[in-house]
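So that the names make sense, note that chain A is the first sequence line, chain B the second, and so on, each numbered from 1.
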Number of protein chains: 2
Amino acid sequence: MKRNTWQREAVRGALDDNDGFVSAQALHSALHATGSPIGLATVYRALADLAVKGDADSLQSPEGESLYRACSSNGHHHHLICRNCGLTVEIEADAVERWAKDVAAQNGFTQAAHVVDVFGLCAACTAKAAASA
Amino acid sequence: MKRNTWQREAVRGALDDNDGFVSAQALHSALHATGSPIGLATVYRALADLAVKGDADSLQSPEGESLYRACSSNGHHHHLICRNCGLTVEIEADAVERWAKDVAAQNGFTQAAHVVDVFGLCAACTAKAAASA
DNA sequence: CTCGTGATCGAGAACACTTCTCAAGAAACG
DNA sequence: CGTTTCTTGAGAAGTGTTCTCGATCACGAG
Ligand SMILES: [Mn+2]
Ligand SMILES: [Mn+2]
Ligand SMILES: [Zn+2]
Ligand SMILES: [Zn+2]
């Protein structure tokens, strides 16, 4: 019941071309830069679809923008993200998963979900910052 | 250089009257409901100030809204939040702190900060949901 | 207790991000 | 093809937050 359009292909492709997390607007700009006439609303829709299908991870930047990324790893995992360049490292942490589940259960909470992200400056951006300081 | 106004007092008081995390707009409504003529912009400003002074914790709801809470515990900690009623439990987890620091360092990241929150349905809201289902 | 200065306030405008509306377009399928 | 139905895209609308700027008020100096 979901049709195949070049627009959806384009969004998926643009996501793949990107290493780190990107916003819908940035992706739209990138697509436009290559000459694509895709609409902004369509980019938002495609990203939302990819996210629910599990083909993309999404998170909120500290500034409140929604960011998306085509993830290599399939299962549940978390991210270490450079707040300067967006570079992302996928991290798995069974210990944290267990901890989140336990702390919820111990307090009588059900349907627990957790948000676990680490933001920092990657090695390259750290070096760059030190040089310019 | 920071003046004392009844507005700031009112915001701090309203925060204290609230168990869980609340949004700036909710707080503004609550204040209005008690007859206070405080302005919305002022509520935003007061909350931002409280947050940088460390007198309030802030986080982003999964929907992207900024939420605030007057926390009892002083030090760094995390939260277990009911997504229905906002009830909040403060949690400390040295293991998670260490893990975040380590995973950043191991990947060459500096100035690491982490976002760790657990959302769920509290016991009361779970019961209520089961009853109405 | 004035006064003066400058921080603070608040109404509304402006912003940034996201979603909605709906007419036009194009997959899918017999 | 032709029909059906989903998808698209431009712009409007919605939502949360910040900005603008004249009026107000806190507070230390005199
Ligand atoms: Mn990932
Ligand atoms: Mn807290
Ligand atoms: Zn970087
Ligand atoms: Zn609850």
- Message: For the helix from C/dC1-D/dG30 to C/dG30-D/dC1, what angle separates the axis at the start from the axis at the finish, each from five pairs, in steps of 10°?
- Response: 30°

Measure [atom1]/[X] against [atom2]/[N] and give the value in whole Å, please.
X	N	atom1	atom2	value
B/L47	C/dT8	CG	P	16 Å
A/H28	D/dG11	NE2	C1'	13 Å
B/E63	D/dT17	CD	C1'	17 Å
B/D49	D/dT18	CG	P	12 Å

Close side-chain approach of [X] and [Y], heavy atoms under 4.5 Å:
X	Y	value
B/E90	B/S72	yes
B/E9	B/N4	no
B/L59	B/F21	yes

- Task: Verify the contact: side-chain N or O of A/T42 to OP1 or OP2 of D/dG9, cut-off strictly under 4.0 Å; return yes or no.
- Result: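 Yes, A/T42 has a side-chain N/O under 4.0 Å of OP1/OP2 on D/dG9.
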
- Query: Does a nitrogen or oxygen in the side chain of A/Q7 sit under 4.0 Å from OP1 or OP2 of D/dG9?
  - Reply: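 Yes.
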
- Message: Suppose we screen for salt bridge (Lys or Arg N to Asp or Glu O under 4.0 Å). Which residues come up paired with B/R12, at least two apart in sequence or across chains?
- Response: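 Counting only residues at least two positions away or on another chain, B/R12 forms a salt bridge (Lys or Arg N to Asp or Glu O under 4.0 Å) with B/D55.
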
Using distance only, find each side-chain donor-acceptor pair of residues 117-127 of chain A under 3.5 Å and give its atom names and separation, not counting sequence neighbours.
residue	atom	partner	partner atom	Å
A/T126	OG1	A/L121	O	3.2
A/T126	OG1	A/C122	O	2.8
A/T126	OG1	B/T110	OG1	2.8

- Nearest 0.5 Å please: distance from the CG atom of A/D57 over to the CG atom of A/L67. 11.5 Å

- Base-contact (B) and sugar-phosphate-only (S) positions in nucleotides 17-30 of chain C, heavy-atom cut-off under 4.0 Å, - elsewhere: SBBBB----BBS--

Check: residues 97-104 of chain A side-chain donor-acceptor pairs under 3.5 Å, at least two apart:
residue	atom	partner	partner atom	Å
A/E97	OE1	A/H76	NE2	3.1
A/E97	OE1	A/H114	NE2	3.0
A/E97	OE2	A/H76	NE2	3.1
A/E97	OE2	A/H78	NE2	2.8

Under 3.5 Å, side-chain donor or acceptor atoms of residues 40-54 of chain B against the rest of the protein: list the pairs with distances, not counting sequence neighbours.
residue	atom	partner	partner atom	Å
B/Y44	OH	B/Q25	NE2	3.3
B/D49	OD2	B/R8	NH1	3.1

